[in-house]
Number of protein chains: 2
Amino acid sequence: MKRYTIKDLARLLQVSPSTISRALSDHPDIGDKTKKRVRQLADELGYKPNYLAANFRKKNSKLIALILPEINMFFFPSVIKAFEEKIHQAGFSLIVFHSNNSLEREMENLELCVQFSVDGILLSVSSQTSNLEHLSEIAGSIPLLLFDRVIPNDAIATITIDDRKVAYQAVEVLMKKGHKKVCGLFGAPNLHISKERAKGMQEAMIDYGVTPESDFIIYGTKKEVMTQLINLFDVSRYPTAIFAMSDDLLVGIYQLLAQHQLSIPDDVAVICISEGDSPDFFFPKVTYIKHSGEEVAERAAQMLLQLIEKKPLLNKNQLIEPQLVMQDSV
Amino acid sequence: MKRYTIKDLARLLQVSPSTISRALSDHPDIGDKTKKRVRQLADELGYKPNYLAANFRKKNSKLIALILPEINMFFFPSVIKAFEEKIHQAGFSLIVFHSNNSLEREMENLELCVQFSVDGILLSVSSQTSNLEHLSEIAGSIPLLLFDRVIPNDAIATITIDDRKVAYQAVEVLMKKGHKKVCGLFGAPNLHISKERAKGMQEAMIDYGVTPESDFIIYGTKKEVMTQLINLFDVSRYPTAIFAMSDDLLVGIYQLLAQHQLSIPDDVAVICISEGDSPDFFFPKVTYIKHSGEEVAERAAQMLLQLIEKKPLLNKNQLIEPQLVMQDSV
DNA sequence: TTGTAGGCGTTATCAA
DNA sequence: TTGATAACGCCTACAA
């Protein structure tokens, strides 16, 4: 049950610790027979290297941090899964922090990243985060990549979907079907992602000669958004189409529409931006623009690993192409 | 941008490193004015302790590992969130591993836990894991707690919902409504959790004088289960009620029932075991037995922290009480 | 091809 | 109340 160290192996094999160290890391200087002896003994005794010691010595931790503003059920799980997968393949482990949309906790988490000497950080900012003052310093010492909820800048690398375009594409589908009364549901109003998507919606409408109506552009938490939507219904102000900028909002309106006995797409057309699971929960299946957490995570991992290896990024601010998935709700 | 060390502070204040170390950790031996001087300088210089060094020295990592067999969208996200929250409060950080339902990767992850000297491990076993041979050794050196997908045993602590009871309760609701033709949908057939829940279903039926029919007890991945269900429908073998053991299966049948124009609950009653989100996606809202990831995670955190502090557990094998949430699908 | 020795930053022990 | 020193396990110049 005792944990053997390199010194133990050295003593047992009557060689020096450095020989063991080198043999275990397959150093070319060490002879094949020595390597064999060392490996065999290591196996026998169940020798496990002590990362704490090695990482301390080498000043890296083999940890990559993921800081999330929230953990919803739609987008972030697939990010966690795909990101863990990718960095694991590259020999890193994943340390997950949760800022709960608090700037203070975001900073606290970043501090922990420094203390743990993580090798890289993938961050989606909290809804309270409006600038990157607190990031500029840390970005100087640890590779940092912003994703999904980003703050546009040219100092820190980012990867995100083209928010304006994705919303534009969604609403364009509705425009092409001739909808005039379109209601858009968005997240927290101070988030760049919400603002961009709302802009995309309005641009699409204007390009198709439709005037956006301000009370049909709704921002907030899921609950707030639903309340406002109910208020509209209560005064018989019904849209002919609804655009939801997230899965979370989609599942909210679904329940509401059914309660009001509005059928999809006959009474109300529905389109959303989605990770891709929830549109298939419903019948008819919902038409959506795919925003794949998996793709974001994979590309983020690739970028971050490049930064860690100090390879230059071809493009510091990467955009993911949205992709329309036509189903039956429009 | 340089990272200051205790030695730096010592040099600047003309005291010894040990004094700095003690002052920073608020050791009673150190005088108040010294502490003040030290803290002030540390603040000024932005001194950040090096966890790698401290943890190495203290032989702990302040890391708690969470090893998940998969990352679905329903149950595990709330576990991650609540668990991170709790252990963060206790000064630990969360390192997340994903075994992808592979025993090999589960073992590899456990190995990494040793190498990182994590202070505790919360594990939900992979679907390939059928015994705990690979766990007994590690459990001797690192506090280990199994949750959700557990293997019953009396050596390693576990926390899980009372699987048999939760399924019994669900099916009992159907029995009381007089259903005779009940179809049960379950996960991987080799998982203890699936077998227990199927047993609970059958017990409830038998207790109410109904004979379970074998082709109405379906095991497998979501896809496999759906295929079998479709096969039944295709030969006009319709149940009057369906019990789904997970959210994943619930959303699967919903789509299917709508396609077949079966209305809920008039044509088919539906009940499931759920984390609590997905039943409200649908209309009518689905009746379910709540299996809260949050509650599991909170109690798991509490237990694991106790193990880490070497406090004895009152009960090594804890069960969570299921809770019926009556809605409109039965 | 292998050994020696020093040091990474922190903490604990012992001494002053 | 503070200081000196050694040690944690590993890695890597440098020496042999």
Side-chain angles (χ1 to χ4, degrees), chain A residues 2-39 41-42 45-63 91 111-119 141, chain B residues 2-39 41-42 45-63 91 111-119 141:
Chain A
K2 170 189 189 311
R3 203 165 153 187
Y4 291 91
T5 70
I6 283 186
K7 284 182 189 169
D8 294 327
L9 302 193
R11 208 171 4 83
L12 290 166
L13 287 181
Q14 305 274 44
V15 296
S16 89
S18 39
T19 303
I20 304 286
S21 172
R22 284 187 274 236
L24 289 172
S25 53
D26 206 23
H27 192 105
D29 277 359
I30 301 295
D32 281 347
K33 42 187 177 0
T34 313
K35 278 183 189 168
K36 207 163 285 173
R37 282 175 66 217
V38 170
R39 287 198 192 121
L41 183 67
L45 301 184
Y47 166 79
K48 305 268 166 60
N50 182 334
Y51 270 35
L52 249 35
N55 293 340
F56 165 52
R57 172 66 225 255
K58 293 190 290 191
K59 296 182 190 316
N60 64 14
S61 61
K62 285 288 170 189
L63 288 172
E111 186 127 328
L112 280 168
C113 288
V114 175
Q115 291 172 193
F116 274 113
S117 309
V118 302
D119 293 337
S141 52
Chain B
K2 170 189 192 309
R3 203 166 155 188
Y4 290 91
T5 70
I6 283 187
K7 284 182 187 169
D8 294 326
L9 300 193
R11 206 169 9 80
L12 289 166
L13 287 182
Q14 305 274 46
V15 295
S16 88
S18 30
T19 304
I20 304 288
S21 172
R22 284 186 277 233
L24 289 172
S25 54
D26 206 21
H27 192 105
D29 276 0
I30 301 294
D32 281 347
K33 41 187 177 3
T34 311
K35 279 183 188 168
K36 206 163 286 172
R37 282 174 67 216
V38 171
R39 290 200 192 119
L41 183 67
L45 300 183
Y47 165 80
K48 305 266 166 60
N50 183 334
Y51 270 35
L52 249 36
N55 293 340
F56 165 52
R57 175 64 227 253
K58 293 191 290 188
K59 296 181 190 315
N60 64 14
S61 61
K62 285 290 171 187
L63 289 171
E111 186 128 328
L112 280 168
C113 288
V114 175
Q115 290 172 193
F116 274 112
S117 310
V118 303
D119 294 336
S141 54

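Chain letters run A, B, ... following the sequence lines, proteins first, then strands; residues in each count from 1. Computation of the quantities below employed the complete heavy-atom set of this structure, encompassing side-chain atoms and omitting hydrogens, waters and symmetry-equivalent molecules.
Side-chain N/O atoms of A:Tyr47 include one lying less than 4.0 angstrom from OP1 or OP2 on D:dC10. Taking only side-chain nitrogens and oxygens, B:Tyr4 never comes nearer than 4.0 Å to OP1 or OP2 of C:dT10. Considering only side-chain N and O atoms, B:Thr5 lies nowhere under 4.0 angstrom from the phosphate OP1 or OP2 of C:dG9.
Under the ring pair (Phe, Tyr, Trp, His ring centres under 6.0 Å) criterion, B:Tyr47 pairs with no residue, sequence neighbours left out. By the side-chain hydrogen bond (donor to acceptor under 3.5 Å, both in side chains) test, B:Thr34 pairs with no residue at all, sequence neighbours left out. Every residue meeting the side chain to side chain contact (heavy atoms under 4.5 Å, CB included) condition with B:Leu12, not counting sequence neighbours, appears here in chain and number order: B:Leu41, B:Leu45. Among residues two or more places apart in sequence or in another chain, the side-chain hydrogen bond (donor to acceptor under 3.5 Å, both in side chains) test is passed with B:Thr19 by B:Ser16. Considering only residues two or more places apart in sequence or on other chains, B:Lys35 meets the salt bridge (charged side-chain N to carboxylate O under 4.0 Å, His left out) condition with B:Asp26. For B:Asp29, there are no salt bridge (charged side-chain N to carboxylate O under 4.0 Å, His left out) partners, not counting sequence neighbours. Applying the side-chain hydrogen bond (donor to acceptor under 3.5 Å, both in side chains) criterion to B:Ser21, with sequence neighbours excluded, gives no partner residue.
Of the candidates C:dG9, D:dA4, D:dG9, the closest approach to any side-chain atom of A:Asn50 belongs to D:dG9. Looking at the side chain of B:Asp29, the nearest of the listed nucleotides D:dC10, C:dG3, D:dT1 is D:dT1.
Atom CD in B:Gln14 sits roughly 16 Å away from atom C1' in D:dA4 (whole-Å rounding). When the P atom of D:dG3 is taken as reference, atom CZ of B:Arg11 falls 15 Å away, rounded to whole Å. Protein atom OH of B:Tyr51 is 17 Å distant from nucleotide atom P of C:dG9, rounded to whole Å. With rounding to whole Å, A:Asn60 atom CG is found 14 Å from C:dG9 atom P. Following rounding to the nearest Å, A:Asp8 (CG) and D:dG9 (C1') show an atom-to-atom distance of 10 Å. Between the CD1 atom of A:Ile20 and the C1' atom of C:dT2 there is a distance of 11 Å, given to the nearest Å. To the nearest angstrom, P of D:dC10 lies 11 Å from CG of A:Asn55. The separation between B:Lys7 atom NZ and D:dG3 atom C1' is 15 Å, rounded to whole Å.
In the region residues 31-39 of chain B, proximity to DNA chain C at under 4.0 angstrom, judged on heavy atoms, holds for none of the residues.
In terms of position along DNA chain D, the nucleotide closest to B:Pro28 lies nearer the 5' end than the nucleotide closest to the other residue of the pair A:Ala53 and B:Pro28.
Put simply, A:Phe56 does not rest on the base of D:dC10: the two rings are not both less than 5.5 Å apart at their centres and under 30° in tilt.
Between the A:Asn55 side chain and the A:Leu52 main chain, no donor and acceptor come within less than 3.5 Å of each other. Looking at B:Asn60, its side chain never comes within 3.5 Å of a backbone N or O of B:Asp119 through a donor-acceptor pair.
For the pair B:Arg3/A:Ser117, a side-chain contact is recorded, criterion being any heavy-atom separation below 4.5 Å from C-beta on.
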What's touching nucleotides 12-16 of chain D from the protein side, N or O pairs under 3.5 Å?
from: D:dA13; atom 1: N6; to: A:Arg22; atom 2: NH1; distance (Å): 3.3

